[in-house]
Q: 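Sending over a structure as structure tokens; questions will come in a sec.
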Amino acid sequence: MPELPEVETIRLQLAEKLVGKQIVGIKVLLPKQFQGEVEEVIGARIIDVGRRAKILLIHLDNDRSILIHLKLTGQLIWAPKTELPGKTTHIIFEINDGRLFFNDLRAFGWVRVIRGFGDFGDFGVEPFSKDFTVEYLGRVFAGTSRPVKLVLMDQTKIAGIGNIYANEALWEAGILPAKPAKNLENLEIEKLRNSILVVLKEGIKYGGASAADEAYVKPNGSKGKYQEHFRVYQRGGQPCWRCGGLIKRVSLGGRGTFFCPVCQK
DNA sequence: CATTGTCCCTGGAAGC
DNA sequence: TGCTTCCAGGGACAAT
């Protein structure tokens, strides 16, 4: 499922293909996934491709932006003008020199047209911003007894972390996912902040994670490689890379949660 | 306000 | 073999 590193990888590839290009048409094959008026973006030029949390922002030269959330199985595929849509293609952006397919098997994702260039949604700090400090995390954790993993994934607190990177960051920091957030000590918070940055950077470095049974691919169709570097995610029953203990899988907040019961405290 | 539960959707796996 | 049931999962929204 595309999280910050996957969306960032897509953003970088799309920016190369799209900036300066013109949207000459849009075909909406599944209306529930497109919110807004098609007419508002046809003819506009793309001036930038950005990201906020797990949302892609395509900024246009007519004071409009196209927001895209890929949720679990969304894909954005850059293709030649002549290429035909696949069976999960739900929206087609016709660009002057190609087409961008929005594919989404489970149809949870969405595309939305807004006025302006941002200022939408209720999101917490970006992990790579200067506001993502130990003090900020401490304040966020202090107010809640929820499992720390659920707080990491709460987009209104920290933007962009999903199930994969929450699991990996907690392993990296040696902290149990179910530990109540307010019980973390300062040293643990400091370690966790660093671990979040480490795993997100690793994710970006390897072009995101195309894990088993997941749909993520880059706009050029190639897979990411971060799944080859998972320490805990989808490794239930296998030995811990750090201590040899067996990785355990439990459900936390309805999400698969992986950790080493020996070296995560 | 904080937190938990429900639902959206599909393919693959498991059960019979 | 073929049918039915169950499950995963981000986040909007409703309920507590």
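In what follows, every chain begins at residue 1, and chains take the letters A, B, ... in the order their sequences are listed.
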Q: Strictly by side-chain hydrogen bond (donor to acceptor under 3.5 Å, both in side chains), give each pair with a member in residues 34-47 of chain A just once, sequence neighbours left out.
A: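 Every side-chain hydrogen bond (donor to acceptor under 3.5 Å, both in side chains) pair that includes a residue of residues 34-47 of chain A, provided the two are not neighbours, is A:Q35-A:R112, A:E40-A:R64.
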
Q: What's the CZ-P distance between A:R106 and C:dG9, to the nearest Å?
A: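 Result: 9 Å.
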
Q: Hey, what bend do you get for the helix from B:dA2-C:dT16 to B:dC16-C:dG2 if you fit axes on five pairs at each end, rounded to 10°?
A: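 One end axis against the other gives 60°.
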
Q: Check every strand shown and say whether A:D104 touches a base, only sugar-phosphate, or nothing at a heavy-atom separation below 4.0 Å.
A: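 Contact class for A:D104: none.
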
Q: What contact category does A:K87 fall into here, base, sugar-phosphate, or nothing, at under 4.0 angstrom with non-hydrogen atoms?
A: nothing

Q: Under 4.0 Å between a side-chain nitrogen and a carboxylate oxygen: does that hold for A:E8 and A:R11?
A: yes

Q: C:dG9, OP1 or OP2 - any side-chain N/O from A:Y216 closer than 4.0 Å?
A: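 So the side chain of A:Y216 is outside the cut-off, no N or O lying under 4.0 Å from OP1 or OP2 of C:dG9.
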
Q: Mind calculating the distance between CZ (A:F108) and C1' (C:dC13) to the nearest angstrom?
A: 14 Å

Q: Holding to salt bridge (Lys or Arg N to Asp or Glu O under 4.0 Å), I want the full list of residues that pass it with A:K81, two or more places apart in sequence or in another chain.
A: none

Q: Test of understanding: with salt bridge (Lys or Arg N to Asp or Glu O under 4.0 Å), list the residues that count as partners of A:E172, not counting sequence neighbours.
A: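 Per chain and number, A:E172 pairs via salt bridge (Lys or Arg N to Asp or Glu O under 4.0 Å) with no residue.
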
Q: Do any of residues 142-161 of chain A sit with a heavy atom less than 4.0 Å from DNA chain B, and if so which?
A: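 Those residues are A:T144, A:S145, A:R146.
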
Q: Show every side-chain hydrogen bond (donor to acceptor under 3.5 Å, both in side chains) that has at least one partner inside residues 145-154 of chain A, sequence neighbours left out.
A: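 Of all non-adjacent pairs touching residues 145-154 of chain A, those that pass side-chain hydrogen bond (donor to acceptor under 3.5 Å, both in side chains) are A:K149-A:N163, A:K149-A:T257, A:D154-A:T156, A:D154-A:K157.
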
Q: Just checking A:Y165: base, sugar-phosphate only, or nothing, at a heavy-atom cut-off of under 4.0 Å?
A: nothing

Q: Rounded to the Å, how far apart are A:D122 CG and C:dA12 C1'?
A: 12 Å

Q: Under the 3.5 angstrom rule, does the side chain of A:K87 hit a backbone N or O of A:L105 as a donor-acceptor pair?
A: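 No; zero donor-acceptor contacts below 3.5 Å.
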
Q: What residue pairs, at least two apart or across chains, pass side-chain hydrogen bond (donor to acceptor under 3.5 Å, both in side chains) with a residue in residues 16-28 of chain A?
A: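 Residue pairs with at least one partner in residues 16-28 of chain A: A:K21-A:D97, A:K27-A:E94.
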
Q: Taking A:E188 first and then A:K179, would you say they form a salt bridge - that is, a charged N and a carboxylate O separated by under 4.0 Å?
A: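 Salt bridge between A:E188 and A:K179, a charged N being under 4.0 Å from a carboxylate O: yes.
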
Q: Less than 4.5 Å apart, any side-chain heavy atom of A:K248 and any of A:F259?
A: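 Heavy-atom side-chain distance check passes, below 4.5 Å.
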
Q: Ion pair present between A:K54 and A:E6, side-chain N to carboxylate O less than 4.0 angstrom?
A: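 No, no charged N to carboxylate O under 4.0 Å.
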
Q: Please list all pairs passing the ring-ring contact (aromatic ring centres under 6.0 Å, His included) test where one or both residues lie in residues 10-36 of chain A, with sequence neighbours left out.
A: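 Listed by first then second residue: nothing to list.
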
Q: Below 4.0 Å from chain A heavy atoms, what is the first contacting nucleotide of DNA chain B and what is the last?
A: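 For DNA chain B, the relevant span reads B:dT3 to B:dG11.
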
Q: Among all residues two or more places apart in sequence or in another chain, which pass the ring-ring contact (aromatic ring centres under 6.0 Å, His included) test with A:Y233?
A: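 ring-ring contact (aromatic ring centres under 6.0 Å, His included) list for A:Y233, sorted by chain: A:F230, A:F258.
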
Q: What integer distance in Å separates A:R249:CZ from C:dC7:P?
A: 11 Å

Q: Under 4.0 angstrom, heavy atoms only, what part of the nucleic acid is A:G162 near: base, sugar-phosphate, or nothing?
A: nothing

Q: What pairs meet the ring-ring contact (aromatic ring centres under 6.0 Å, His included) rule with one or both residues in residues 196-217 of chain A, with sequence neighbours excluded?
A: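 Applying ring-ring contact (aromatic ring centres under 6.0 Å, His included) to every pair that reaches into residues 196-217 of chain A, excluding sequence neighbours, yields A:Y206-A:H229.
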
Q: Rounding to an integer number of Å, can you tell me how far A:L4 CG sits from C:dG11 P?
A: 12 Å

Q: Output yes when a side-chain donor or acceptor of A:R235 lies under 3.5 Å from a complementary backbone atom of A:R231, and no otherwise.
A: yes

Q: In residues 64-72 of chain A, which residues come under 4.0 Å of DNA chain C by heavy atom?
A: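 Result for residues 64-72 of chain A: A:H69, A:K71, A:L72, sorted by number.
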
